[in-house]
Protein chains: 2
Amino acid sequence: MRARNNALSSNRSAGDHTPIYFKLQMKIRTQIESGKLEPGEAILPEKKLAEIHGVSLGTVRTAILNLVSEGYLYREQGKGTFVSGNKIRRENLKYYRYLSDFGGEEVELAIHLLSLQTIPCSEYIRQHLNSKPEENIYELKRYFTVNKKPGIYCVSYLPCELFKGLDEFPSSRFERVTLYNAIEESYGIPTIFNRELISVEQLEGDVAKILRVSPGTPALRMEMMSYTYKEKPYEYRISLCLTDTKKIYREF
Amino acid sequence: MRARNNALSSNRSAGDHTPIYFKLQMKIRTQIESGKLEPGEAILPEKKLAEIHGVSLGTVRTAILNLVSEGYLYREQGKGTFVSGNKIRRENLKYYRYLSDFGGEEVELAIHLLSLQTIPCSEYIRQHLNSKPEENIYELKRYFTVNKKPGIYCVSYLPCELFKGLDEFPSSRFERVTLYNAIEESYGIPTIFNRELISVEQLEGDVAKILRVSPGTPALRMEMMSYTYKEKPYEYRISLCLTDTKKIYREF
DNA sequence: GCTCATTTGTTCGTATGTATC
DNA sequence: TGATACATACGAACAAATGAG
């Protein structure tokens, strides 16, 4: 005999018309978001979930398949169903690239660390990151070389509470992998969506020096907010890009 | 007795391990792409499809649900399953907007037609639109005012064969609706995906005059390719945007 | 290399609920 | 009110991939 009238299938008669598969879906999603289920970890097999919750295999399947299409899970036949990290999600998400034209050649991008420090952040940045006044912020400055020549200057703001110990990483780490990979590997924070503002800015002072152009050179300015579960912002980034030879490419 | 061993379920024994739902999915997709099924039109109900193809309801359901998540179809309970036009697809797709900051106020955008003519197009544009030398191209020039002030200059290239009679539209039409809406309403061409290149350009000549800035003013240059079914390009567009007060906003 | 248990993938069938016209 | 169509849920069977022994 299987268990009936449990948390998922109860209340159906009492006017609760939420589908069972949806309740299960949300239950698993919450476990992932709370960190109870970690990226890479296998969830219970369909059969077990069906037994435990006292529902049919098909219902479990619907819940899981929905979470797969939302990017929370991925499945491998014969192996199991696993919690997605960024790597999986990112297959759907379109990266930026740096090209000279549609279908142009790929360039060699290299990352260079300029500085990483904890700062008492401004009200403006605090508002963007939705953080409290007493919370500190990491300020990460980097620049990217494009075919050995400086092309992008980039400042990221990250809440300290989300990225504890980020400043203890060896600096080489920031130059070997993208920030997204570092964030995924070390903190398991997946990117759900981004918002961006694009404009044109004339470079001045240090930025112009680092990118080796004369002051007043116009550049592409991209402000980007990255959000994880529950619309929580985890990064505010400002990138300044030279686009005289290469352009920013994206698909969507 | 239902029909068995038909086009979909045959060949299973002969080493064809393509799932039945996938064959049906492709069959419907082809009908949409070929125009046999038009946007807005209802497809046959699940039950009929199951009968006709001699498969179970669940199999039909899988095929349809996949096409829904791919954007080809949308469903309405109690009404039916319909072929998507742009409007439906676009609910998922993120539009560009023009804002002063994240969460800033919406602006008033107005479209103004500058010219629409058939041109013997250059090799460069022909390559982008994947068109043959003998095919003509429409060149559509417009500019957008942002809160009454000129902000965006925009040139679109569209293959004449895809948009027959575009030049016979009243010019007011191009000023009332977006190009996407006009294209959808009149030609039923859905946008599957876009590619873009972003860079910075200094405005000169006519463009500077139309946007009422002095020559040499830096502006955002966005080149965009729009593709419909089977990766067929249907528009190549170059937009030049002033971003001194407002910025280009997008979610993804 | 083979067998076997496990797990997901596909397909079938059926029943009932809910929305639309 | 009834007919139609999609939505949810159940159960069952077999196929295909994986990994352990």
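Chain naming here is simple, since letters A, B, ... match the order of the sequence lines and numbering starts at 1 in each.
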Short N-O contact, A:R75 and A:E46, less than 4.0 angstrom: yes
For A:Y249, is the NZ or CZ atom of B:R195 found under 6.0 angstrom from the centre of its six-membered ring and inside 45 degrees of the ring axis? no
Rounded to the nearest Å, what distance is computed from the CD atom of residue A:E46 to the P atom of nucleotide D:dG11? 14 Å
I'd like to know whether the aromatic ring centres of A:F102 and B:H128 sit less than 6.0 Å apart in this structure. yes
Measure the distance from NZ on B:K47 to P on D:dA7 and round it to the nearest whole Å. 16 Å
Hey, which sits more toward the 5' end of DNA chain D by its nearest nucleotide, A:T59 or A:G78? A:T59
Atom CZ of A:F82 and atom C1' of C:dT7: how far apart are they, to the nearest Å? 10 Å
Taking for each residue the nucleotide of DNA chain C with the nearest heavy atom, is it B:Y21 or A:P45 whose nucleotide lies nearer the 5' end? A:P45
Under-4.0 Å side-chain N/O to phosphate OP1/OP2 contact, A:T81 with C:dT8: yes
For atom CG of B:L57 and atom C1' of D:dA7, their distance in whole Å: 12 Å
If you pin B:L65 and A:Q77 to their nearest nucleotides in DNA chain D, which one's is more 5'? B:L65
Length of the CG-C1' vector between B:L44 and D:dC6, whole Å: 15 Å
What I want to check is whether the side chains of B:E235 and B:Y157 have a donor and an acceptor closer together than 3.5 Å. no
Among C:dG9, C:dT11, D:dC10, which nucleotide has an atom closest to any side-chain atom of A:R75? C:dG9
In whole Å, I'd like the distance from the OH atom of A:Y74 to the C1' atom of C:dG9. 18 Å
Could you tell me how far apart B:L49 (CG) and D:dT4 (P) are, to the nearest whole angstrom? 16 Å
When we call it a touch if two heavy atoms are under 4.0 Å apart, what does A:T62 touch: a base, just sugar-phosphate, or nothing? nothing
Describe the nucleic acid contact of A:G58 in one word from base, sugar-phosphate, nothing, applying a heavy-atom distance below 4.0 Å. nothing
Can you see whether B:S56 engages B:T59 through a side-chain donor-acceptor pair at a distance of less than 3.5 angstrom? yes
Under-4.0 Å side-chain N/O to phosphate OP1/OP2 contact, A:K79 with D:dG19: yes
Report the distance from atom CD of A:Q25 to atom C1' of D:dA9, rounded to the nearest whole Å. 15 Å
Which one, D:dC6, D:dC10, D:dT8, comes nearest to the side chain of A:S56? D:dC10
Side-chain N or O of B:R61 less than 4.0 angstrom from OP1 or OP2 on D:dA7? yes
